[in-house]
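Below is one structure, written out as structure tokens; comments come after it.
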Amino acid sequence: MRAPFLILSLPLLAVLLASEVEARNFEQVRYALYLDPHAEVVPDLEQLAKLGDHRAQRLLGDILAERDPAGASRVLELYRQAFAGGRGEISALAAMARYLGQRPRLRQQHRAEVAEGLTRYRHDRDPVNVLATLEVFNAYPELFESAAVEHLISRYERACIENCLTLLYRGRLAEHQGNHELAESLYRQAALQDPRAIEALYRVMGKDVALKFRSFARDASPRIASLPIEVVHRIGLHLANTSNALANEWVYTRQSVIGEVEIPDAEQLAAAEAAQRAQDAMIDELDREILYWLDHAVARGYTPAMSTKASFMMAGNNRFSSEAVEHLLRQLESTETARSSAGEHYQDRVGPQRIKALWASYYMVNWLTMNPTKAHGLIRELIEEGYDDARLMEGDLYSRGLLDEPDQARALGIYGQMAERGWASAHLRIARLNTYGRAMRGDFVTAYSHARAALELGDLRAEGLVNFLEQRLPATLLEQGNAMTEQMLRNSVL
């Protein structure tokens with residue numbers, strides 16, 4: 001009577017055995033990521049996470065945090081499971097705090113949870129706990145007493161051997177205590193070692209951040225060869241973002257001045273032309289500063305810098321050539337292919353989908369090489385591959401009228417869907433369209449509400465636009481915009 005049972009059980013047993021063979025353990029997953037940071041390990045980690053492996057839950061949270069900017073609920077739940085009320089991975093609380101610290105709205109919403117997590121373990125028990133607690137402090141300084149932080153920094157400083165973050169933590173403590181001059185000084189020193197300190201330095205520089213950051217970059221330039229490659233790239237990236245924001249504002253200002261009267265007189269035209277010459281000279285100067293940093297990182301073979309430089313040059317298509325960008329994209333492709341073929345381990349790989357997205361962008365630029373049909377084909381491939389940024393790129397095609405006539409309604413429909421899912425970059429596109437788009441410019445309240453939403457969701461590129469709009473809207477309309485932001489974020493799937 002046992003035979004039928006055995007016959008029925010064998011297929012099930014085969015499936016179970018196969019799944020055991022196919023699923024990689026945690027160490028195998030880590031090794032796969034060591035060889036290729038873009039390796040597909042999510043299915044393996046999902047299985048391990050379901051079995052209660054706290055390390056897998058933490059690592060899966062890290063990967064999803066990077067790959068899915070709008071997947072906050074899933075990421076936070078994984079960190080929560082990994083921390084397990086202080087019984088699991090203590091570093092998971094630090095990862096959660098770091099993630100929340102980049103997203104102002106979520107940071108406030110989960111403040112009590114992080115504070116409660118701090119009560120679940122002894123902060124100075126060992127170096128792992130000390131580092132984790134200092135990372136939480138960096139995101140939530142208001143949850144700590146200064147004396148306790150001094151004690152932790154002292155413990156950390158004694159234990160740390162290399163790549164130490166002491167200056168970053170001391171800068172954060174000075175900032176929390178209200179000593180912004182000391183904080184900026186410490187962050188300036190830390191920023192030469194740690195890319196995260198560059199973000200902190202940007203934060204404390206205040207409204208003159210563009211000028212002060214350029215000054216910092218000039219002061220650091222003699223040491224460029226000895227700086228970590230990630231720092232070199234991040235400085236170039238921040239300078240590029242500043243340049244793009246200024247260019248947008250200047251274009252808007254020029255169009256506004258000329259458009260204030262139906263037929264500008266000679267004096268008005270002369271003033272506008274003089275302003276344009278001054279602005280063009282400033283852009284040329286910024287270009288030289290930006291390319292100084294990005295070119296150095298590219299020369300050291302850092303592929304993220306190749307990606308950043310290509311995007312920067314495409315944004316300034318009137319100043320750069322299609323041939324230069326095409327050469328750069330082929331260099332990016334060949335560098336990553338050669339390293340992958342050689343089995344060379346390296347961090348911060350750009351990845352094939354990002355490269356394909358750059359080619360799609362290349363075919364959308366107003367050069368002789370422009371090919372909207374080819375761009376759309378690449379974008380559709382990326383959408384089918386699950387590359388969510390491609391949906392925003394498709395919206396760009398419609399917004400700019402590259403497939404037919406400009407269709408702002410269709411573009412806004414795509415951006416709006418992504419914004420409802422919590423995509424900060426979708427909110428930023430809507431804000432820019434309502435600020436600078438010729439067919440729509442003037443709806444500053446809508447623009448401000450979406451720019452604020454982008455900033456609340458962690459896109460620091462929106463900060464300049466928020467400041468730009470705050471200078472142009474009266475208090476009553478700013479209040480209206482803030483109310484719209486709150487309503488949008490409440491309705492978002494975060």
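On a predicted model such as this, the values are computed, not experimentally measured, just so you know.
For the pair Lys50 and Glu46, the salt-bridge criterion is not met [side-chain N within less than 4.0 Å of a carboxylate O]. At a threshold of 4.0 Å, the pair Arg196-Glu199 does not count as salt-bridged, since none of the basic side-chain nitrogens sits closer than that to a carboxylate oxygen. Ion pairing between a basic and an acidic side chain is recognised when a charged N comes within 4.0 Å of a carboxylate O; Arg234 and Glu230 show no such pairing. The pair Glu89-Arg55 does not meet the salt-bridge criterion, since no charged nitrogen lies less than 4.0 angstrom from a carboxylate oxygen. Here Arg80 pairs with Glu77 in a salt bridge; the nearest charged N to carboxylate O distance falls below 4.0 Å. Ion pairing of Arg288 with Glu285 is absent here, as no side-chain N (NZ or NE/NH1/NH2) approaches a carboxylate O to less than 4.0 Å. Between Glu116 and Arg120 a salt bridge is recorded (basic side-chain N to carboxylate O distance below 4.0 Å). We find that Asp389 and Arg354 are not joined by a salt bridge, their nearest charged nitrogen and carboxylate oxygen being 4.0 Å or further apart.
Residues passing the side-chain hydrogen bond (donor to acceptor under 3.5 Å, both in side chains) test with Arg111 are Glu142, sequence neighbours excluded. By the salt bridge (charged side-chain N to carboxylate O under 4.0 Å, His left out) test, Glu150 pairs with Arg170, sequence neighbours left out. By the salt bridge (charged side-chain N to carboxylate O under 4.0 Å, His left out) test, Asp388 pairs with Arg421, sequence neighbours left out.
Remark: Gln193 CD to Leu165 CG distance equals 8.5 Å, nearest 0.5 Å. With rounding to the nearest 0.5 angstrom, the CD atom of Gln57 is 12.0 Å from the OH atom of Tyr79. For the atom pair CZ of Arg58 and CG of Asp53, the computed distance is 13.0 Å after rounding to the nearest 0.5 Å. Taking CD1 of Ile414 as the start and CG of Leu392 as the end, the distance is 8.5 Å to the nearest 0.5 Å. Note: Met393 CE to Leu358 CG = 7.5 Å, rounded to the nearest 0.5 Å. Note that the CG atom of Asn482 and the CZ atom of Arg452 stand 4.5 Å from one another [nearest 0.5 Å].
Residue pairs meeting the ring pair (Phe, Tyr, Trp, His ring centres under 6.0 Å) criterion with at least one partner in residues 446-465, sequence neighbours excluded, are His427-His450. Listed by first and then second residue, the ring pair (Phe, Tyr, Trp, His ring centres under 6.0 Å) pairs that reach into residues 157-199 are Tyr156-Tyr169, sequence neighbours excluded.
At a threshold of 4.5 Å between non-hydrogen side-chain atoms, the residues Arg158 and Ser154 count as touching. In this structure, the side chains of Tyr140 and Leu118 stay at 4.5 Å or more apart for every pair of heavy atoms. Residues Leu237 and Trp293 are not in side-chain contact: their nearest non-hydrogen atoms beyond the backbone lie 4.5 Å or more apart. Proximity of Leu460 to Asn241: side-chain heavy atoms (C-beta onward) are nowhere separated by under 4.5 Å. With a 4.5 Å cut-off on side-chain heavy atoms, Leu294 and Met306 do not count as touching.
Between Ala72 and Leu106, the shortest heavy-atom contact is CB-CD1, 3.7 Å. Scanning both residues, Arg300 and Pro228, for their nearest heavy atoms gives NH2-C, 4.2 Å. The nearest pair of heavy atoms linking Ala191 to Val231 is O-CG1, 3.2 Å. Of all heavy-atom pairs spanning Arg24 and Leu48, the tightest one is O-CD1, 3.7 Å. For the pair Leu239 and Glu289, the tightest heavy-atom approach, listed with the atom from each and the gap, is CD1-O, 4.1 Å. Across all non-hydrogen atoms, the minimal contact from Asn129 to Arg122 is ND2-O, 2.9 Å.
Put simply, the side chain of Arg472 gets close to the backbone of Phe468: a donor and an acceptor are under 3.5 Å apart. With hydrogens and angles disregarded, no donor-acceptor distance shorter than 3.5 Å links the side chain of Tyr362 to the backbone of Ala310. Between the side chain of Arg155 and the main chain of Asp124, a donor-acceptor pair closer than 3.5 Å is present. The closest donor-acceptor contact from the side chain of Glu113 to the backbone of Ala115 lies at 3.5 Å or more, if one exists at all. Under the 3.5 Å distance criterion, the side-chain polar atoms of Ser221 are matched with a main-chain donor or acceptor of Arg218. Although no hydrogens or angles enter the test, the distance criterion places a donor-acceptor pair under 3.5 Å between the side chain of Thr308 and the main chain of Pro304. For the pair Ser449 (side chain) and Gly481 (backbone), a donor-acceptor distance under 3.5 Å is absent. Side-chain atoms of Asn434 come within 3.5 Å of backbone N or O of Ile430 as a donor-acceptor pair. Looking at Glu66, its side chain never comes within 3.5 Å of a backbone N or O of Ile63 through a donor-acceptor pair. Put simply, the side chain of Ser311 gets close to the backbone of Ser307: a donor and an acceptor are under 3.5 Å apart.
Ring geometry for Phe213 against Tyr202 counts as perpendicular: the plane angle is over 60°, on a 0 to 90° scale with 30° as the lower cut.
Side chains of Ser334 and Arg330: no donor on one and acceptor on the other come within 3.5 Å. If you check the side chains of Gln417 and Arg391, you find a donor sitting under 3.5 Å from an acceptor. For the 3.5 Å distance criterion, the side chains of Ser146 and Gln177 qualify, holding a donor opposite an acceptor. A donor atom on one side chain and an acceptor atom on the other are found under 3.5 Å apart for Tyr415 and Asp396.
Atom CD of Glu145 sits in a sparse spot, with 12 or fewer heavy atoms from other residues, nucleotides or ligands closer than 6.0 Å. Counting heavy atoms of neighbouring residues, nucleotides and ligands inside a 6.0 Å radius, atom CD of Glu181 does not exceed 12 of them. His151 NE2: more than 12 foreign heavy atoms inside a 6.0 Å radius.
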Test side chain to side chain contact (heavy atoms under 4.5 Å, CB included) applied to Leu134 and Val130, step by step: CA-CA 6 Å; Leu134 284 172; Val130 169; 4.1 Å; yes
Full working for salt bridge (Lys or Arg N to Asp or Glu O under 4.0 Å) between Arg172 and Glu175: CA-CA 5 Å; Arg172 189 58 160 147; Glu175 182 184 357; 3.2 Å; yes
Salt bridge (Lys or Arg N to Asp or Glu O under 4.0 Å) between Glu333 and Lys356, worked out: CA-CA 10 Å; Glu333 280 183 320; Lys356 185 184 288 189; over 6 Å; no
Side chain to side chain contact (heavy atoms under 4.5 Å, CB included) between Leu329 and Ile355, worked out: CA-CA 8 Å; Leu329 291 180; Ile355 293 174; 5.9 Å; no
Pair Arg349-Thr303, side chain to side chain donor-acceptor pair (under 3.5 Å): steps then yes or no: CA-CA 7 Å; Arg349 181 183 172 204; Thr303 53; over 6 Å; no
Report, one line per pair, each donor and acceptor closer than 3.5 Å where one atom sits in a side chain of residues 93-103; sequence neighbours left out.
residue: Arg98; atom: NH1; partner: Glu135; partner atom: OE1; Å: 2.8
residue: Arg103; atom: NH1; partner: Tyr99; partner atom: O; Å: 2.9

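Remark: Arg30 fails to qualify as a cation-pi partner of Phe26 under the 6.0 Å distance and 45° angle criteria applied to the six-membered ring.
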